[in-house]
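Scope of the values below: all heavy atoms of this structure, side chains included, with no hydrogens, waters or symmetry mates. Chain identifiers are assigned alphabetically (A, B, ...) following the order of the sequence lines, protein sequences preceding nucleic acid strands; residue numbering begins at 1 within each chain.
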Number of protein chains: 2
Amino acid sequence: MNAQPRLDQAFAALSDPTRRAILARLAQGEATVSELAEPFGLAQPTISKHLRVLEEAGLITQGRDAQRRPRALVLGGPLKEVDAWLRPFREQWERRLDNLDAYLGKLNRKQK
Amino acid sequence: MNAQPRLDQAFAALSDPTRRAILARLAQGEATVSELAEPFGLAQPTISKHLRVLEEAGLITQGRDAQRRPRALVLGGPLKEVDAWLRPFREQWERRLDNLDAYLGKLNRKQK
């Protein structure tokens with residue numbers, strides 16, 4: 001049950017489109033607050049608030065450059081736990097697609 | 001941008017451990033409110049509230065049996081969109097693991 005609050009926080013952090021867009025941007029490489037603020041057309045305090053939520057959820061981290069303080073995506077951690085939580089559902093719909101494929105293949109052979 | 005509010009709602013619905021557990025239970029097959037309330041030791045109104053959030057997010061649906069009104073998991077839809085959003089991140093960490101494997105393999109061959 002230990003991972004639950006972390007998962008709660010990760011899912012909640014991901015429920016905002018700006019925060020998801022920030023993560024997608026950081027997947028391309030680290031960026032400073034001003035580099036993040038520009039493309040979104042948002043004021044720096046607004047971006048900073050979103051970054052704080054992402055950081056508290058463990059989804060991003062601050063780089064070591066004290067001057068620029070670039071933010072970086074944490075690829076493992078909570079994002080991976082979110083993915084792990086989804087895995088059984090993903091496997092279930094992939095299995096269903098396989099079954100559908102097999103069924104359609106059978107129908108096809110019957111028609112020939 | 002059309003899928004954004006749906007994604008927001010799905011992620012928000014998933015940010016609660018009881019709601020995630022309900023989805024995991026429904027992945028095994030449909031269940032009535034009382035069947036869902038029992039294992040969680042929660043009162044029916046509490047479960048009903050969670051079910052409403054899941055239903056509004058499009059993650060579950062009500063079965064056709066008007067008497068029992070069983071809830072069923074919606075396997076496609078928002079859950080699949082959540083998974084699709086995660087895909088590029090998943091691909092990135094899988095690529096990194098592949099690179100690490102290749103690197104460790106190289107180290108290994110050098111030592112021999």
**Q.** Exceeds 12 heavy-atom contacts within 6.0 angstrom, atom CD of B:Glu38
**A.** no

Q) Does the side chain of A:Pro17 reach to within under 4.5 Å of the side chain of B:Asp8, using non-hydrogen atoms? A) yes

Q) Which answer fits B:Asp16, side chain, backbone, both or neither, if we ask what part of it has an atom under 4.5 Å from a heavy atom of chain A? A) backbone

Q. Using a cut-off of under 4.5 Å for heavy-atom pairs, which of A:Gln9, A:Lys80, A:Arg19 has the most such pairs with chain B?
A. A:Lys80

(Q) To the nearest 0.5 Å, what is the distance between CD on B:Gln92 and CG on A:Leu79? (A) 10.0 Å

Q. Going only through I, L, V, M, F, W and Y residues with side-chain contacts under 4.5 Å, is there a path from A:Val33 to A:Leu36?
A. yes

Q. Do B:Leu7 and B:Val53 share a hydrophobic cluster, counting only Ile, Leu, Val, Met, Phe, Trp and Tyr and linking them when any side-chain heavy atoms are less than 4.5 Å apart?
A. no

So which atom in [X] and which in [Y] form the shortest heavy-atom distance, rounded to 0.1 Å?
X	Y	answer
B:Leu86	A:Val82	CD1-CG1, 3.5 Å
B:Leu75	A:Trp93	O-CE3, 3.2 Å
A:Ala27	B:Phe89	CB-CE2, 3.8 Å
B:Leu14	A:Trp85	CD2-CH2, 3.6 Å
A:Ser15	B:Ala12	CB-N, 3.6 Å

Q. In terms of heavy-atom proximity below 4.5 Å to chain B, should A:Leu23 be classed as side chain, backbone, both, or neither?
A. both

Q) Given a strict heavy-atom distance threshold of 4.5 Å, which part of A:Arg96 is in contact with chain B: side chain, backbone, both, or neither? A) side chain

